[in-house]
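What follows is a single structure, written as structure tokens, with notes after it.
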Amino acid sequence: MSVGTSVTRRDAQSKVTGQALYVDDYRLPNMWYGATVRSTVPHARIKNIHYSPNFDWSQVVICDYRDIPGRNLVALIYDDQPLLAESIVRHVGEPIVLVAAPSKELARKATRYVTIEYEELPAVLTIEESLARKQKLFGEDNIFKSYTITRGNVDEALASADIVVEGTYRVGHQEQLYIEPNGMIATVQADGTLLVQGSLQCPYYVHRALKELFELEDDKVVVIQNTTGGGFGGKEEFPSVVAGHAALLARKAGRPVKLVYDRSEDFIASTKRHPAIIRHRTGLTRDGRLIAAEIDLTFDGGAYCTLSPVVLSRGVIHALGPYNCPNVRISGRVVATNTPPNGAFRGFGVPQAAFAAEMQMERIAQVAGFSPVELRRKNMLREGDTTVTGQILNYSVGTAQVLDAAIEHSDYLNKLQIYRNQTGSKRRGIGLSLYYHGSGFTGSGEEKIKGRAAVEFDKEARIRILTGSTEIGQGTRTIFPQIVAEELGIDLAQIDFEESNTAKVPDSGPTVASRTCMVVGSVVQKAAAALKAELIRRIALSCSLPEEGVSYKRGIFYHQDQPLMTLTEAAARFCQHSPIRTEARYSSPPGIKWDDASYTGDAYPVYAYAADVVEVEVDMDTYEVKLISVLTVSDVGKAINPRLAEGQIEGGTVQALGYGLYEEVFWKDGHMLNTRLTNYIIPTALDIPDLETILIENPYPYGPFGAKGIGELPMDGGAPAAVAAIANATGAFITQLPATPERILEALCQSKHLSDSL
Amino acid sequence: MVRVKINGHEHVLQTEPLARLLDVLRETLGFTGTKEGCGEGECGACSVIIDGELVNSCLIPICQVDGCEILTVEGLAVDGELSLLQQCFVEYGATQCGICIPGMLMAAKALLDSNSCPTRNEIRAAIAGNLCRCTGYMKIVDAIEAAVAAKLEVK
Ligand code: FES
Ligand code: FES
């Protein structure tokens, strides 16, 4: 038994001894260091670039866009983002010139002798300005992408509803804040192969971007992932930029170049979570059944498209929350502004949507006098129900289980009553959220990329897993061996894991979208099953037996019931000259259908579900919020490694609480103001109480041993639960994140609560 | 010239007196287990123990540690055998991406060296200067608590 046990992480030993090597720990012979000159204005024409005569430029190498042999763009969805600005800059921090020098200090010094002369253009800095088309930034309407989902007739239903509740919710940027900043080292080898190593989630994204930038064939670009110090989506698409820059410098300098950001540069340069404005209009029957939901979402994409259309799409699909509603109109759009491009961040559009959806449920409960639990119970999706995209949920719907367990374990109902109408200077409150997250890519995404993975079996009977899925701390390198060990009934110690290197491993698709365990894990399982089948075929052939008569169980091949040979013997017999390699590709579960044109069908193969209960104490003099307890109940399908699954949920929950309570990016004229850890605040060990994490296993029939994707799920529910708890404690109904003391005070001033008490 | 003892070994260094201890450890001496997460004393990834005290090595100029004894993460295991704290970090699932872990271990060691029986809250306070974005701190606190318990048992 391997699956379902909490075996220790394979990389733990190297990480506790300091031996694990992250990109900044490498020093290659003759290596130089890179630095970047960035735009200091949000929107401008570049008139001139001055290189000061007070600096000796012969000691460094300089690159601008003219050094790019291929197309000057970061290949992703729209091909709109240049690797280096040409004549126009569209956001503060946009890279313009690169420098490489023998030392980091010299490279940074050189950048201070480069002056960019601008002719400033009007800048669009907010969603409102973009929608008002203050300046045309993209197409005719500044909209990168829009989606509409319609079901039933929402206008009629709203007109006939007994109760209509409206709400507007706002969220700002959030920084991924991996503790290891972005970094890459590029080397051009003697045969012209471009080798890039560094901190990244998706080696094949970087591979593709480099191929296009440098017009190289597949095998002339090699991307290797070093131990990566956190990603959370922040190292999904952005590393292509860093890699492109390092490669450009390495080519020109004729030596390896390391480009590692310091914290401030990482804040300024890298993508963040999309800010959003989300409006809800909900119609209900007198007894609290949802009959109409009109939801409007606008996301701020920033200056370039990056992954915004896919982020928006996920936000739109999750906008209602895990509830039934027969009449729905959800419209979403993502707009261009002159702020740094936003991109992937754990949750990918859902944390924004889930905050709005769950606060809307709280508001409905408050306005119409329903119990927050009853309102959710009455409307939540259950097996056999249909989602907003028309997907019928045939299996693994854990809403009732997670909600019941959360209520029971937290004593929610009782505390909710007790905490109402407190008068002391310290007031407690309890808050609830119910949420879901689609596992894997949206719609036809998985079908389009058909992720691949392989296993190799050698003469020592060792099995090597080959996959493009990376270890970014979440446990890929521990759970994939568990899956293979279980499939083959062998010991974990017999299983190796190939390094994350595009020259060695197949493209399994990116390490994103809660897809590694569920989607790629199932492909790895299939590859192991294919190995079994291949060995059976060879044994049957060499022993002149019919294939159907040969079977395999726990390391031994049988003919009928007679043992034929062990796995070790099979290895010696068939792998003397070369290992046997079997590969598998993803295929969708039967019956999955998705229509991109109408945006209807099975948006995800399955959803994971969870409920959070958060208890807070608010100091009524300072409005500071202290977290008292945090409970998360998650339906994970099957926990391949329960301790690792808990670790994912705990870490994600704390990021979500940071989003809800502390994390905020401040802007002035397009500049991020708080680019340091002293002023961008994330939760510390003292801010967070002991977390209670309950796993519920509601197996997904097509996941590996029933597993669903849970990487992002815990990012979705912490913020609304914490904000609901503040409302319970103080009466302050906060509609904008984060719920800082200032916002609590503001909400209190607006609410009746305060005027009553005056 | 600066003389320091690192993980029990003497080093005589000819470096610029204002060089950051972090850079000397990582670049000059190759102790890359000590990490840089912010360079300004906020994240704790660069934590080392100097003469028994936990410090952020990104804030210390090398000239300040002349004659001092420094312990880095590389000095925790003895002859390839993990220290009790390291074992507990492995066993309790305290590591994810791992970048904060060397600093966390140093903070935990500094605590345990000065307080043989800390409460969970004292543990939390002791690692409050060490940011972790992956774990939510729960399993790190568990691991340190387990090390405390195991140590008390031995006594
Ligand atoms: S690098 Fe020293 S505290 Fe962050
Ligand atoms: S384990 Fe990744 S930051 Fe702590």
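Chain identifiers are assigned alphabetically (A, B, ...) following the order of the sequence lines, protein sequences preceding nucleic acid strands; residue numbering begins at 1 within each chain. Bear in mind the structure is a predicted one, so any value in this text is a computation, not a measurement.
Among all heavy-atom pairs drawn from A/L677 and B/C43, the shortest one is CD1-CB, 3.8 Å. For the pair A/P181 and B/E36, the tightest heavy-atom approach, listed with the atom from each and the gap, is CD-O, 4.0 Å.
Between the B/E74 side chain and the A/G18 main chain, no donor and acceptor come within less than 3.5 Å of each other. Within the 3.5 Å criterion, the main-chain N or O of B/E42 finds no donor-acceptor partner in the side chain of A/R676. No side-chain donor-acceptor contact under 3.5 Å links B/R124 to the backbone of A/T684. Of the possible donor and acceptor atoms, one in the side chain of A/R263 sits under 3.5 Å from a partner among the backbone N and O of B/G37. Although no hydrogens or angles enter the test, the distance criterion places no donor-acceptor pair under 3.5 Å between the side chain of A/R9 and the main chain of B/G93. The backbone N or O of B/C97 lies less than 3.5 Å from a partner atom in the side chain of A/K15, making a donor-acceptor pair. Counting only distance, with no hydrogens or angles, the side chain of B/Y137 and the backbone of A/P683 share a donor-acceptor pair below 3.5 Å. Checking side-chain atoms of B/Q86 against main-chain N and O of A/V16 turns up a donor-acceptor pair under 3.5 Å.
The closest side-chain heavy-atom distance from B/R26 to A/D24 is below 4.5 Å. Looking only at side-chain heavy atoms (C-beta outward), A/Y178 and B/C134 stay at 4.5 Å or farther from each other. Counting heavy atoms from C-beta outward, A/E646 and B/K139 have side chains that approach closer than 4.5 Å. For the pair B/T135 and A/E650, the minimum side-chain heavy-atom distance is 4.5 Å or more. When side chains are defined from C-beta on, A/I179 counts as touching B/L131, because their heavy atoms get closer than 4.5 Å.
Only the side chain of A/R27 comes within contact range of chain B, with at least one heavy atom under 4.5 Å from a heavy atom of that chain. Neither the backbone nor the side chain of A/L657 comes within contact range of chain B; no heavy atoms are under 4.5 Å apart. When heavy atoms are compared at a cutoff of 4.5 Å, B/F31 does not approach chain A at all. Using a 4.5 Å cut-off between heavy atoms, A/D262 makes no contact with chain B at all. Residue A/Q648 touches chain B through both its backbone and its side chain, counting heavy-atom pairs closer than 4.5 Å.
Atoms CG and CG, on B/N121 and A/L686 in that order, are 7.5 Å from each other to the nearest 0.5 Å. The structure places OG of A/S14 at 11.5 Å from CD1 of B/I101, a figure rounded to the nearest 0.5 Å. Remark: A/K104 NZ to B/D23 CG distance equals 6.0 Å, nearest 0.5 Å. Rounding to the nearest 0.5 angstrom, the gap separating the CD atom in B/E27 from the OG atom in A/S103 is 10.5 Å.
Within 6.0 Å of CD in B/E53 there are 12 or fewer heavy atoms belonging to other residues, nucleotides or ligands. Heavy atoms from other residues, nucleotides or ligands lying under 6.0 Å from OH of B/Y92 number 12 at most.
Per-residue counts of heavy-atom pairs under 4.5 Å with chain A were compared for B/G98, B/G33, B/G41; the largest is that of B/G98. Note: B/L82 leads B/I127, B/L105, B/L76, B/L82 in heavy-atom pairs under 4.5 Å with chain A. Per-residue heavy-atom pair counts under 4.5 Å with chain B were compared for A/E471, A/Q176, A/Q19, and the maximum is reached by A/Q176. Listed options A/T8, A/L691, A/D690, A/T678 were ranked by heavy-atom pairs under 4.5 angstrom with chain B; first place goes to A/D690. Ranked by non-hydrogen atom pairs under 4.5 Å with chain A, the options B/Q87, B/M104, B/R120 are led by B/R120. Most heavy-atom pairs under 4.5 Å with chain A: of the set B/A125, B/G39, B/G129, this distinction falls to B/A125. Between chain B and the residues A/I688, A/N641, A/D11, A/V630, the most heavy-atom pairs under 4.5 angstrom are made by A/I688.
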Verdict with reasoning, A/D25 to B/K35, per salt bridge (charged side-chain N to carboxylate O under 4.0 Å, His left out): CA-CA 9 Å; A/D25 300 338; B/K35 306 299 181 190; 2.4 Å; yes

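Taking the charged nitrogens against the carboxylate oxygens, B/R133 and A/E663 do have a contact shorter than 4.0 Å, which makes a salt bridge.
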